[in-house]
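Computation of the quantities below employed the complete heavy-atom set of this structure, encompassing side-chain atoms and omitting hydrogens, waters and symmetry-equivalent molecules.
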Amino acid sequence: ADLRRELAEAYCQAGALPLAERQAREALRLCCQVHAESAPATEAFVALWADLATQCGQFAEVEARLAPLIRQLDASQPQAGQTSRMHLRWGRLLCRQQRYADAETELLRGYHALASQNPTTATDRLWLKHAANWLAELYQATNRPQEAARWGQP
């Protein structure tokens, strides 16, 4: 699975998105043979595949896979960092589809959940910074400059 993920990343860097998406899909399939899709070990695989599939225009498939996964994470581990990050990823993907109302809900939910955990790792602090930037971009895109400024963009 790790080799497939590395191939996907290499294809992505080379601009071969359809090949990258296929490798990421296969990496996720292999990883899910060992771990549940909601397991922390699969988080990077899900994220890579979802990002590449979205870039390839496969948004309906991404939504069909991520929506139940997020519901499962909400039910089983609502306070986990993985759950917060998945909401943030989903919000970012919704922004790319210009589904701003849904994106705002997911980004705010992920941001506040992660912030409430008093993040101590550099990774979680970076996620919060990205989330604030994504919210600012969303508010700029929806012509709400005061909200954008609140989250970091004038």
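Between Arg150 and Glu147, at least one side-chain nitrogen of the basic residue sits less than 4.0 Å from a carboxylate oxygen of the acidic one, meeting the salt-bridge criterion. A salt bridge links Arg144 to Glu104: at least one charged side-chain nitrogen sits closer than 4.0 Å to a carboxylate oxygen. Electrostatic pairing of Glu63 and Arg99 counts as a salt bridge here, judged by a charged N lying under 4.0 Å from a carboxylate O.
Less than 6.0 angstrom separates the ring centroid of Trp90 from the ring centroid of Phe59. Between Trp134 and Tyr111, the distance separating the two ring centers is not shorter than 6.0 angstrom.
For the pair Leu93 and Leu66, the minimum side-chain heavy-atom distance is below 4.5 Å. You'll find the side chain of Glu137 reaches within 4.5 Å of the side chain of Arg92, heavy atoms only. Residues Glu106 and Asp102 form no side-chain contact, since every pair of their non-hydrogen atoms from C-beta on lies 4.5 Å or further apart. Residues His35 and Phe45 form no side-chain contact, since every pair of their non-hydrogen atoms from C-beta on lies 4.5 Å or further apart. Pro78 has its side chain out of reach of Thr83: every pair of non-hydrogen atoms, C-beta onward, lies at least 4.5 Å apart. Within the 4.5 Å cutoff, no side-chain heavy atoms of Thr42 are placed close to those of Val34. Contact of the Asp74 side chain with the Arg109 side chain is registered, since non-hydrogen atoms from C-beta on lie closer than 4.5 Å.
Taking the six-membered ring where the residue is Trp, Trp127 and His130 present perpendicular rings, their angle passing 60° and hence far from 30°.
Criterion: ILVMFWY side-chain heavy atoms under 4.5 Å apart, direct or through other members. Under it, Leu88 and Trp151 are part of a common hydrophobic cluster. Put simply, Met86 and Leu94 are part of the same group of oily side chains (I, L, V, M, F, W, Y) that touch within less than 4.5 Å, one to the next. Leu107 is connected to Tyr100 through a chain of hydrophobic side-chain contacts under 4.5 Å among Ile, Leu, Val, Met, Phe, Trp and Tyr, so both are in one cluster. Side-chain heavy atoms closer than 4.5 Å link hydrophobic residues (I, L, V, M, F, W, Y) into clusters, and following such links, even through other members, never connects Leu48 to Val62.
In this structure, the separation between NE2 on His112 and CD on Gln117 is 13.0 Å, given to the nearest 0.5 Å. Rounding to the nearest 0.5 Å gives a distance of 12.5 Å between CG of Leu7 and CZ of Arg22.
The local environment of OH in Tyr11 is sparse, with at most 12 non-hydrogen atoms from other residues, nucleotides or ligands closer than 6.0 Å.
Of the residues Arg5, Arg65, Gln33, the one that meets the side chain to side chain contact (heavy atoms under 4.5 Å, CB included) test with Leu28 is Arg65.
The two residues Leu138 and Cys95 make their nearest non-hydrogen contact at CD1-SG, 3.5 Å. Closest non-hydrogen pair, Ala8 versus Ala24, comes out as CB-N, 3.6 Å. Closest approach of Ala20 to Cys12, counting heavy atoms only: CB-N, 3.6 Å. Considering every non-hydrogen atom in both Leu128 and Ala115, the closest pair reads CD2-N, 3.8 Å. Taking all atoms of both residues into account, the shortest heavy-atom contact from Cys31 to Ala41 is SG-O, 4.0 Å. Scanning all heavy atoms of the two residues, the minimum distance from Arg125 to Thr120 falls at NH1-O, 2.5 Å.
Residue pairs meeting the side-chain hydrogen bond (donor to acceptor under 3.5 Å, both in side chains) criterion with at least one partner in residues 44-62, sequence neighbours excluded, are Glu21-Trp49, Arg25-Gln58, Arg25-Glu61, Asp51-Gln55, Asp51-Arg96.
Looking at residues two or more places apart in sequence or on another chain, you find a side-chain hydrogen bond (donor to acceptor under 3.5 Å, both in side chains) between Arg85 and Glu43, Asp124.
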